[in-house]
Amino acid sequence: MSKLLIVGTVAFDAIETPFGKTDKILGGAATYISLSASQFGAESGIVSVVGGDFPKAYLSKLNERKINTDGVEIIENGKTFFWSGKYKNDLNSRDTLATDLNVLADFNPVVPENFKDTDFLMLGNLHPSVQMEVIKQIPNRPKLVVLDTMNFWMDNTWDELMEVIAKIDVITINDEEARQLSGEYSLVKAAQKIHEMGPKFVVIKKGEHGALLFNDGNVFFAPALPLEDVFDPTGAGDTFAGGFIGHISRTGDISFENMKRAVIAGSNLASFCVEKFGTERMETLTHDEIQKRLLQFKLLTQFDIELS
């Protein structure tokens with residue numbers, strides 16, 4: 001069985017949307033990625049940090065999904081990273097109400113010995129220096145290294161981010177971030193520029209409008225499934241990344257054709273994430289539900305046409 005190492009935040013979120021609001025709940029990029037990837041049966045582990053205020057029951061939830069948390073450092077006299085946001089009516093834009101780095105501010109990641117031989121590495125959205133430190137701790141390069149990042153790091157840590165991007169195979173970012181990273185408006189030209197920075201594969205997430213995959217002149221588009229109920233988009237991008245790397249980990253196939261299936265797998269998982277607040281939907285998701293929705297994706301994109 002393949003090993004998958006996930007680096008990212010394990011955190012508290014407080015969320016408000018037009019459909020309601022929450023108090024502090026379980027969140028963080030590594031949380032969403034790992035819950036999503038766990039659907040594919042990979043032996044996965046998390047590298048992260050939390051404070052003494054983080055409930056042990058939350059770690060148990062992850063362990064129950066066979067997610068190894070030995071690499072989650074607990075700073076007993078510290079507080080866990082906290083993010084709070086309020087979404088606007090279209091759910092595509094939001095205002096950040098609070099970002100408290102807390103223990104994340106001085107995080108020095110340590111890769112557990114039993115994951116230094118990981119087959120796949122997923123670098124969730126974090127400071128590029130933390131991502132680079134994890135790369136340095138893995139003696140033999142994994143089969144595939146995937147990076148998720150955001151505009152904040154482009155604005156504030158450009159040089160460090162470029163060093164990380166040069167060492168990865170796949171980057172997953174949204175369309176706004178792809179344009180900022182490349183300086184190009186056209187997403188096709190943006191992907192070409194990003195390829196030149198190092199990544200062989202570029203995945204551009206477009207939220208409710210699907211996702212694009214670029215590799216060596218090849219392009220694939222996966223739609224987003226039209227949904228009746230969307231309550232909370234928090235974590236959808238991380239859930240997509242988890243489904244993507246989870247599928248790759250299960251199959252061990254890093255070809256473009258299998259990457260296409262991985263994009264569909266990610267889109268499928270993300271469509272569940274938005275149906276409830278926080279991680280609630282991902283915690284109860286079943287294999288049968290995933291398979292039924294995969295069929296919906298297939299029917300959505302399957303058609304016959306006569307070529308003349």
Side-chain angles (χ1 to χ4, degrees), residues 4-13 26-34 37 44-51 53-54 69-75 78-85 94 96-112 115-116 118 120-138 141-142 144-174 176-178 180-182 194 197-199 202-203 205 234-235 237-242 245:
L4 167 62
L5 183 63
I6 299 160
V7 185
T9 53
V10 174
F12 291 131
D13 289 340
L26 177 61
T31 304
Y32 283 101
I33 293 168
S34 62
S44 62
I46 295 175
V47 171
S48 192
V49 63
V50 296
D53 58 342
F54 194 77
T69 56
D70 291 349
V72 178
E73 182 183 4
I74 301 174
I75 309 295
K79 290 186 176 181
T80 302
F81 173 65
F82 171 67
W83 176 85
S84 175
R94 69 189 183 195
T96 294
L97 305 179
T99 302
D100 300 331
L101 292 177
N102 296 329
V103 294
L104 195 64
D106 301 309
F107 178 40
N108 293 309
V110 177
V111 176
F115 275 93
K116 286 188 175 180
T118 190
F120 299 95
L121 176 60
M122 177 72 226
L123 300 169
N125 182 26
L126 265 180
H127 196 296
S129 65
V130 174
Q131 295 170 329
M132 181 59 81
E133 182 56 35
V134 170
I135 291 172
K136 289 177 179 177
Q137 290 181 39
I138 297 175
R141 198 181 196 287
L144 198 75
V145 181
V146 183
L147 169 74
D148 188 42
T149 191
M150 66 181 297
N151 49 12
F152 178 83
W153 308 119
M154 297 173 202
D155 290 335
N156 297 285
T157 61
W158 179 266
D159 291 343
E160 293 142 296
L161 179 59
M162 287 301 104
E163 289 178 15
V164 174
I165 287 177
K167 292 185 174 293
I168 62 157
D169 302 300
V170 184
I171 186 170
T172 69
I173 49 179
N174 68 30
E176 177 189 354
E177 292 157 352
Q180 179 174 343
L181 185 60
S182 65
I194 296 168
M197 298 173 186
V202 177
V203 179
K205 300 171 288 187
T234 307
D238 295 316
T239 301
F240 171 92
I245 194 61

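Owing to the predicted nature of the structure, the values given are computational and were not obtained by experimental measurement.
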| request: Work out which heavy atom in Phe54 is nearest to a heavy atom in Leu26; give both atom names and the distance. | output: CZ-CD1, 3.7 Å
| Does any non-hydrogen side-chain atom of Lys205 lie less than 4.5 Å from one of Asp148? | yes
| Side chain Thr96, main chain Ala98, donor-acceptor under 3.5 Å | no
| Between the main-chain N or O of Gly28 and the side-chain N or O of Asp238, is there a donor-acceptor pair closer than 3.5 Å? | no
| Can you find a pair of side-chain heavy atoms, one from Asn102 and one from Asp53, that are under 4.5 Å apart? | no
| query | Is a side-chain donor or acceptor of Thr31 paired with a backbone partner of Val10 at a separation under 3.5 angstrom? | reply | no
| field | Flag, side chain of Glu73 to backbone of Pro109, donor-acceptor distance under 3.5 Å | value | no
| query | Distance only, no hydrogens: is a donor on one side chain within 3.5 Å (strictly under) of an acceptor on the other, for Glu133 and Gln137? | reply | yes
| Among Val7, Leu147, Ile165, which residue meets the side-chain contact (heavy atoms from CB on, under 4.5 Å) test with Gln131? | Leu147
| field | N/O donor-acceptor pair under 3.5 Å between Thr99 side chain and Trp83 backbone | value | no
| task | Decide yes or no for Phe115 and Val47: does some side-chain heavy atom of the first lie under 4.5 Å from some side-chain heavy atom of the second? | result | no
| Side chain Thr80, main chain Ala11, donor-acceptor under 3.5 Å | no
| Can you find a heavy atom in the side chain of Met197 that is under 4.5 Å from one in the side chain of Ile171? | no
